[in-house]
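Quantities reported herein were computed from a predicted structural model and do not represent experimental measurements.
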Amino acid sequence: MNDRAPQPVDRQLPTEESRDLLALVREIAQREIRPQAAEQEEAGHFPRDVFSLLSESGLLGLPYDGEFGGGDQPYEVYLQVLEELAAARLTVGLGVSVHSLACHGLAGYGIKEQKAAHLPAMLGGGLLGAYCLSEPSSGSDAASLGTKAVRDGDDWVINGTKAWITHGGIADFYTVLARTGGEGPKGITAFLVPGDAEGLSAAAPEKKMGMKGSPTAQLHFDGVRVPDARRIGEEGQGFTIALAALDAGRLGIAACAIGVAQAALDESLAYALGRKQFNRPIADFQGLRFMLADMATKIEAGRSLYLAAARLRDAGKPFSRQAAMAKLFCTDAAMAVTTDAVQILGGYGYTADFPAERLMREAKVLQIVEGTNQIQRVVIARHLAGPESR
């Protein structure tokens with residue numbers, strides 16, 4: 001087979017600092033992440049040591065304020081870091097995205113005293129976060145969540161169950177959305193809950209078709225008591241906080257999807273150049289060349305789409321519609337590209353000896369998390385045509 005190494009993506013980065021940052025990320029990915037990815041995923045091993053290294057390297061708080069331990073990087077740079085990490089191993093790229101999502105509420109809506117007390121450890125102190133919105137009966141209809149937080153003096157007491165929580169059971173802190181008022185979105189409040197809080201427990205991790213190294217579990221809140229000082233934002237503001245976090249998080253998923261797709265294209269190209277049939281490399285055959293061309297085009301289009309949305313965010317302009325479009329297009333592209341990669345590798349693509357089948361299984365979840373792609377279409381259509389008539 002061909003030993004051709006993947007060529008680095010030709011990135012348009014805003015500063016010399018950001019170029020150095022991406023070079024550091026590629027080095028870490030090549031040395032510490034990619035070589036162990038297949039074996040650790042098969043074994044269901046979560047690479048906490050890698051996240052500790054990323055924290056030490058300043059890579060877990062890139063888009064946040066340097067005053068509180070963040071990296072002061074624009075979103076267009078942060079997302080390209082995610083793409084590089086996800087190309088090496090989705091468990092890591094998606095894990096960094098989820099951690100950033102868990103920090104979003106406090107960073108964006110916390111008061112200065114809260115930020116000073118918690119953010120430095122969250123952004124650069126080796127902690128790992130998780131985000132708790134979904135529930136067993138509340139997924140796409142997130143505003144119907146049933147987990148309750150009841151005021152008791154200066155504390156809140158939380159009871160309920162959260163579902164599909166990435167890093168569930170291993171996170172050091174959770175951003176939790178709970179109902180503090182009446183039905184609907186205006187009755188929801190956000191809280192920062194320590195991972196070792198009394199009454200908080202995790203179910204056994206879900207058995208998934210992909211991303212086996214990233215634990216996904218239900219979380220049970222049985223009288224979990226948190227002080228009012230850990231309430232994020234105002235009472236009833238939680239759903240607004242959640243939607244803002246999801247807009248940013250969808251861009252993270254889009255970048256991860258392009259990373260997975262890029263990894264699949266790199267594998268396909270190396271295989272096609274090295275595999276010979278009829279005394280010629282199979283990359284000589286037009287049918288396969290056109291597949292590679294289509295794969296590369298989808299990847300470039302997706303990358304341009306998520307970066308355009310990121311630049312809107314960096315400029316302080318509305319980007320919700322563009323974030324939904326990026327998440328929709330990039331994750332559909334990743335599914336298509338990884339499926340084609342398996343086809344290009346033929347029988348080898350269907351075996352665990354090559355990464356194509358793992359990348360295909362991992363791509364599927366990206367069409368589901370952070371709002372299914374059907375929900376992204378709902379969001380986009382509402383921006384175009386307004387709310388549905390009732």
Side-chain angles (χ1 to χ4, degrees), residues 25 28-29 32-55 59-60 79 81-104 122 126-134 139 162-175 195 201-219 245-246 249-261 263-264 327 330-331 334-335 338 352 355 357-372:
V25 172
I28 291 174
E32 304 291 342
I33 302 174
R34 186 174 281 109
Q36 293 83 31
E39 182 180 351
Q40 290 190 354
E41 281 298 323
E42 182 63 26
H45 174 75
F46 181 74
R48 186 61 191 254
D49 58 329
V50 169
F51 284 89
S52 297
L53 174 61
L54 295 177
S55 182
L59 298 175
L60 286 191
L79 292 178
V81 169
L82 284 187
E83 184 191 326
E84 291 282 351
L85 293 173
R89 185 179 177 188
L90 183 58
T91 284
V92 177
L94 185 68
V96 174
S97 181
V98 166
H99 174 81
S100 182
L101 184 69
C103 297
H104 185 279
M122 291 164 61
L127 301 186
L128 187 66
Y131 184 75
C132 301
L133 177 61
S134 295
K162 294 294 182 179
W164 310 112
I165 307 304
T166 301
H167 303 158
I170 65 168
D172 300 298
F173 64 91
Y174 298 93
T175 294
S201 62
E206 306 288 352
K207 297 179 180 179
K208 302 175 303 203
M209 68 183 286
M211 288 193 69
K212 297 177 182 180
S214 176
T216 303
Q218 287 193 359
L219 286 180
L246 287 175
R250 284 166 181 163
L251 290 181
I253 299 303
C256 286
I258 294 304
V260 170
K327 197 275 183 181
C330 292
T331 58
M335 194 70 245
T338 56
E357 62 86 28
R358 173 170 60 84
L359 295 171
M360 180 180 174
R361 288 186 287 105
E362 291 177 343
K364 184 63 214 176
V365 76
L366 299 174
Q367 295 178 302
I368 299 171
V369 297
E370 305 282 348
T372 66

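Inter-residue side-chain proximity for L90 and L366 is flagged as met; some heavy-atom pair is nearer than 4.5 Å. For the pair T338/V260, a side-chain contact is recorded, criterion being any heavy-atom separation below 4.5 Å from C-beta on. Within the 4.5 Å cutoff, side-chain heavy atoms of I28 are placed close to those of L59. Here the side chains of L94 and E362 are not in contact, with every heavy-atom distance at 4.5 Å or above. In this structure the side chain of V92 reaches within 4.5 angstrom of the side chain of L54, judged on heavy atoms. Residues W164 and I368 are not in side-chain contact: their nearest non-hydrogen atoms beyond the backbone lie 4.5 Å or more apart. Between K212 and H45 there is no side-chain heavy-atom pair separated by less than 4.5 Å.
Using a distance-only test at 3.5 Å, with no hydrogens or angles considered, no donor-acceptor pair links the side chain of K327 to the main chain of G249. Remark: side-chain polar atoms of K162 are paired, donor with acceptor, to backbone N or O of L133 under 3.5 angstrom. A donor-acceptor pair under 3.5 Å is formed between the side chain of D172 and the backbone N or O of L128.
From Y131, atom OH reaches atom OG1 of T166 across 12.5 Å, with rounding to the nearest 0.5 Å. In this structure, CG on L53 lies 13.0 Å from CZ on R48, to the nearest 0.5 angstrom. Rounded to the nearest 0.5 angstrom, L79 CG and I253 CD1 are separated by 10.5 Å. Expressed to the nearest 0.5 Å, how far CD of Q367 lies from CE of M335 amounts to 6.0 Å. To the nearest 0.5 angstrom, L359 atom CG is 10.0 Å from E41 atom CD. Note: D49 CG to Q36 CD = 8.5 Å, rounded to the nearest 0.5 Å.
In this view, S97 satisfies the side-chain hydrogen bond (donor to acceptor under 3.5 Å, both in side chains) rule with no residue, not counting sequence neighbours. S100 meets the side-chain hydrogen bond (donor to acceptor under 3.5 Å, both in side chains) test with Y64, Y78; sequence neighbours excluded. Residues passing the side-chain hydrogen bond (donor to acceptor under 3.5 Å, both in side chains) test with T216, sequence neighbours excluded: K208. A search for side-chain contact (heavy atoms from CB on, under 4.5 Å) contacts involving E357 returns A352, R361, not counting sequence neighbours. Applying the side-chain contact (heavy atoms from CB on, under 4.5 Å) rule to A130 yields the partners I165, H167, A171, Y174; only residues at least two apart in sequence or on another chain are considered. Partners of Q40 by side-chain hydrogen bond (donor to acceptor under 3.5 Å, both in side chains), not counting sequence neighbours, listed by chain and number: R89.
Nearest heavy atoms, S134 versus G139: OG-CA, 4.5 Å. Contact record, G93 with L82: O-CD2, 3.5 Å, taken as the closest heavy-atom pair. In terms of heavy atoms, A29 sits closest to P35 at O-CD, 4.0 Å. The two atoms that bring G129 and V98 nearest to each other are O-CG1, 4.1 Å, heavy atoms only. For T91 against P47, the heavy-atom pair with the smallest separation is CG2-CD, 3.9 Å. Of all the heavy atoms in S55 and L60, the pair that sits closest is CB-CD1, 3.7 Å.
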